[in-house]
Amino acid sequence: MTKNIEDYPMILTAVHLSEILMVSKPTAYELMEQVSFPLIKLGRSKRVLRDEFFNWLTQQQVSSL
């Protein structure tokens, strides 16, 4: 079953990113370390706002063209 963007919570974790991008959880954490990534750090936890993540992802696709 395919999820829509709205099916995900407003704040995403590495587990969500790994599911969306179909990559491993360690790879999702590596992605979150990129300078351009819209990361939110809460103590040791790493999160990203859903809409900012999908905007960032779209920009990555545009940049690679």
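All of these numbers come straight from a predicted model, not from anything done at the bench.
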Sorted by first residue and then second, give each salt bridge (Lys or Arg N to Asp or Glu O under 4.0 Å) pair with at least one member in residues 47-59; sequence neighbours left out. none
Any salt bridge (Lys or Arg N to Asp or Glu O under 4.0 Å) involving residues 10-25? Give me the pairs, sequence neighbours left out, ordered by first then second residue. K3-E19
Could you work out, with salt bridge (Lys or Arg N to Asp or Glu O under 4.0 Å) as the rule, every residue matching E30, not counting sequence neighbours? none
Please evaluate residues L17 and F37 with respect to the criterion side-chain contact (heavy atoms from CB on, under 4.5 Å), reporting the C-alpha separation (whole Å), side-chain torsions for both, the decisive distance (0.1 Å), and the verdict. CA-CA 12 Å; L17 299 185; F37 192 83; 3.7 Å; yes
Begin from the C-alpha positions of D7 and I5 and carry the test side-chain contact (heavy atoms from CB on, under 4.5 Å) through to its verdict. CA-CA 5 Å; D7 294 332; I5 292 172; over 6 Å; no
Co-members of M22 in a cluster of I, L, V, M, F, W and Y side chains, linked at under 4.5 Å: none
Heavy-atom side-chain proximity of I11 to V48 below 4.5 angstrom: no
For residues 36-45, which residue pairs qualify under side chain to side chain donor-acceptor pair (under 3.5 Å), counting only residues two or more places apart or in two chains? S36-W56
Check the pair V23 / L31 against side-chain contact (heavy atoms from CB on, under 4.5 Å), numbers first and verdict last. CA-CA 10 Å; V23 298; L31 177 72; over 6 Å; no
Taking F54's backbone N and O only, do any of them form a donor-acceptor pair with T58's side chain (distance below 3.5 Å, no angle check)? yes
Taking every non-hydrogen atom, the tightest pair across A28 and S18: CB-N, 4.0 Å
Is L21 linked to I40 within one hydrophobic cluster, defined over Ile, Leu, Val, Met, Phe, Trp and Tyr using a side-chain heavy-atom separation of less than 4.5 Å? no
Taking only residues at least two apart or on different chains, which pairs with a member in residues 3-32 satisfy ring pair (Phe, Tyr, Trp, His ring centres under 6.0 Å)? none
Would you sort out whether L12 and I20 count as a side-chain contact (heavy atoms from CB on, under 4.5 Å), showing the intermediate values? CA-CA 10 Å; L12 304 176; I20 293 165; 4.1 Å; yes
